[in-house]
J.: 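Quick one: the structure is below, questions incoming.
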There are 2 protein chains.
Amino acid sequence: MDSKRNSGLKEQILNASRLLLSQEGYRNFSLRKVARDVGVSATSVYLHFDSKDHLIHTLMEESIDYLNGKLEEVSIRQLEPIQKLQALAYEYVSFALQYPKEYQILYMAGTGEMARYPKDKFRKVRQGYEIVTRAIEEGVDRGLLDETQPRITAYTFWAQLHGVMSVVLSRRLDNRIDRNEFIEQAIDHIIYGFHVRTAIEAD
Amino acid sequence: MDSKRNSGLKEQILNASRLLLSQEGYRNFSLRKVARDVGVSATSVYLHFDSKDHLIHTLMEESIDYLNGKLEEVSIRQLEPIQKLQALAYEYVSFALQYPKEYQILYMAGTGEMARYPKDKFRKVRQGYEIVTRAIEEGVDRGLLDETQPRITAYTFWAQLHGVMSVVLSRRLDNRIDRNEFIEQAIDHIIYGFHVRTAIEAD
DNA sequence: GGCGTTGGTTAACGGTGTTAATTATTAAGT
DNA sequence: ACTTAATAATTAACACCGTTAACCAACGCC
């Protein structure tokens with residue numbers, strides 16, 4: 001009925017979903033609302049997505065791909081391992097702050113949505129871990145870090161960051177605390193916790 | 001129809017809810033299922049709870065109270081600040097591992113449920129932070145820790161722990177990694193990340 | 001013309017939270 | 001013992017949800 005017959009309905013659905021999901025959360029997110037927002041019948045969503053889950057997972061995958069790209073960019077920069085880890089942390093934080101809708105969709109997901117996330121796409125989820133693991137291994141090789149199991153450390157690193165941003169974005173942060181200061185100190189703590197020998201001796 | 005007419009229906013509802021919620025997640029949790037499980041009509045739930053949210057929040061509050069109690073116990077023990085922080089961390093982890101159902105209900109909650117959590121009950125949520133903050137302040141006073149803003153550090157501490165357990169319990173942990181080893185190392189990192197003075201010099 | 005393919009529709013099914021009206025059961029008062 | 005009030009539970013209904021099936025309209029192609 002519009003000028004063009006199908007001016008990227010799929011994209012329209014994704015945009016409306018992104019907005020609705022971040023605004024009203026998973027609980028109040030419904031296909032029928034999405035359909036209403038884009039001015040189309042509810043069942044039309046099924047022309048582009050197999051299910052509500054498929055739609056949500058598409059949204060998640062978008063963000064994962066974007067974030068992975070950003071991390072990869074940082075990863076190939078010629079940086080000292082410690083600075084690289086720091087840069088990775090800030091890149092992650094930047095994504096969360098710059099695209100809160102997208103990040104929230106990811107981090108609001110909770111166990112439920114994650115459990116239903118298709119297994120064959122978990123490769124991408126792991127990609128972030130791989131990048132961090134490589135940076136840590138590099139640090140270990142150069143004698144800057146004393147981590148016996150870089151893979152575990154990578155998980156710890158990621159988990160801590162996730163926890164930090166989870167607190168920041170869910171209003172659980174005491175409002176007497178400045179957000180940026182909190183983030184800076186948190187990242188500082190996380191990096192400092194990685195047994196950085198030279199940093200201590202050099203200071 | 002049973003022997004006793006109402007043998008703690010409220011408690012039965014809570015038990016069934018705990019189970020269902022942890023097993024099927026928030027997504028597939030429904031009052032009607034709960035009602036069916038306890039063998040009662042769906043609307044009977046409303047005799048004891050104002051809404052689905054109220055039921056869920058009651059469950060959350062239970063766990064928060066329990067955990068706060070455990071943390072308080074640790075807190076009044078006569079321990080050196082560093083050991084106290086470590087003990088608090090392990091208490092938190094123990095709760096998560098010993099009562100995974102309850103912990104999952106809390107940590108699966110995500111932003112949505114948390115946003116709807118009644119404001120006047122957030123005092124209790126903060127209690128955990130207060131306990132950690134006190135421990136850190138004690139460490140600072142005794143010259144054991146070098147933290148300029150204990151409150152921020154407390155939030156960091158908590159956030160990191162949350163992140164770690166979030167990874168552990170949501171199967172996002174690579175299965176080549178031993179769970180306990182991961183947890184130990186993570187806590188080690190977290191504590192070590194707190195600029196610990198004597199620990200470095202004494203070692 | 002006829003034909004299938006694409007992009008969309010409406011109708012319907014079983015399930016959901018929640019409310020209103022209704023019935024059974026218990027406790028109290030006199 | 002009989003009435004009254006409160007309590008505990010029920011059934012019926014509403015509006016919404018994800019999903020499926022059946023249908024319809026426009027287009028390209030022969």
Side-chain angles (χ1 to χ4, degrees), chain A residues 1-60 105 108-110 112-113 115-118, chain B residues 1-60 105 108-110 112-113 115-118:
Chain A
M1 201 52 66
D2 285 354
S3 54
K4 272 198 290 180
R5 188 165 143 78
N6 168 16
S7 62
L9 178 60
K10 184 168 183 177
E11 211 56 42
Q12 281 181 259
I13 291 175
L14 284 173
N15 289 336
S17 298
R18 229 184 323 260
L19 193 61
L20 234 87
L21 207 42
S22 64
Q23 275 178 348
E24 312 202 26
Y26 280 92
R27 178 75 172 278
N28 294 103
F29 175 75
S30 90
L31 293 185
R32 292 174 128 105
K33 277 183 196 164
V34 172
R36 203 178 308 140
D37 280 9
V38 310
V40 88
S41 189
T43 52
S44 288
V45 176
Y46 288 86
L47 296 174
H48 297 281
F49 303 95
D50 297 339
S51 64
K52 186 182 185 180
D53 273 345
H54 184 210
L55 169 56
I56 291 172
H57 292 153
T58 304
L59 241 31
M60 293 171 77
I105 289 171
M108 276 193 323
E113 320 295 333
R116 286 193 302 276
Y117 199 73
Chain B
M1 202 52 66
D2 285 355
S3 52
K4 272 198 289 182
R5 187 166 142 79
N6 169 15
S7 62
L9 178 60
K10 183 168 183 177
E11 211 57 42
Q12 281 180 259
I13 291 176
L14 285 173
N15 289 336
S17 299
R18 229 183 325 259
L19 193 62
L20 233 87
L21 207 42
S22 64
Q23 275 177 347
E24 312 202 25
Y26 280 92
R27 178 75 173 278
N28 295 104
F29 175 74
S30 91
L31 292 185
R32 292 174 129 104
K33 277 183 197 164
V34 172
R36 202 179 309 140
D37 280 9
V38 311
V40 87
S41 188
T43 52
S44 288
V45 176
Y46 288 85
L47 295 174
H48 297 281
F49 302 95
D50 296 340
S51 64
K52 185 182 185 179
D53 273 345
H54 183 209
L55 168 57
I56 290 172
H57 293 153
T58 304
L59 241 30
M60 293 172 77
I105 289 171
M108 276 194 322
E113 319 294 332
R116 285 193 304 275
Y117 198 73

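Because only heavy atoms are used, hydrogens play no part in the values below, and waters and symmetry mates are left out as well, while side chains stay in. Lettering of chains follows the sequences in order, A, B, ..., and the numbering in each one begins at 1.
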J.: Check each of B:E11, B:Q12, B:R18 against B:N15 using the side-chain hydrogen bond (donor to acceptor under 3.5 Å, both in side chains) test, and report the only one that passes.
T.: B:R18
J.: Rounded to the nearest 0.5 Å, how far apart are CG of B:L59 and CZ of B:F29?
T.: 7.0 Å
J.: Rounded to the Å, how far apart are A:N28 CG and C:dG17 C1'?
T.: 11 Å
J.: Closest to the A:R32 side chain: C:dA12, D:dA21, D:dA12?
T.: C:dA12
J.: To the nearest Å, how far apart are A:L9 CG and C:dT6 P?
T.: 16 Å
J.: So which nucleotide from D:dT19, C:dG8, C:dT9 ends up closest to the side chain of A:K52?
T.: D:dT19
J.: Is the backbone of B:K33 close enough, under 3.5 Å, to the side chain of B:S30 for a donor and an acceptor to pair up by distance?
T.: yes
J.: What's the closest nucleotide to the B:S30 side chain, out of D:dA21, C:dG17, C:dG8?
T.: C:dG17
J.: Please give, in whole Å, the distance from C:dT16 C1' to A:L31 CG?
T.: 15 Å
J.: OP1, OP2 of C:dG15 versus side-chain N and O of B:R27: anything below 4.0 Å?
T.: no
J.: Between A:I56 (CD1) and D:dG18 (P), how many Å, whole number?
T.: 9 Å
J.: Would you mind reading off the distance between B:Y46 atom OH and C:dT16 atom C1', rounded to a whole angstrom?
T.: 9 Å
J.: CD/B:E113 to CD1/B:I56 distance, rounded to the nearest 0.5 angstrom?
T.: 5.0 Å
J.: From CZ of A:F49 over to C1' of D:dT20, roughly how many Å is that when rounded to an integer?
T.: 19 Å
J.: When you measure from the side chain of B:T43, which nucleotide among C:dT10, C:dT19, C:dT16 comes out closest?
T.: C:dT19
J.: Roughly how far, to the nearest 0.5 Å, is the CG atom of A:D50 from the NE2 atom of A:H57?
T.: 11.5 Å
J.: Can you measure A:I13 atom CD1 to C:dG7 atom P for me and round it to whole angstrom units?
T.: 12 Å
J.: I need the CG-P distance between A:L55 and D:dG18, as an integer number of Å.
T.: 10 Å
J.: Between A:A42 and B:S51, who's closer to the 5' end of DNA chain C by nearest nucleotide?
T.: A:A42
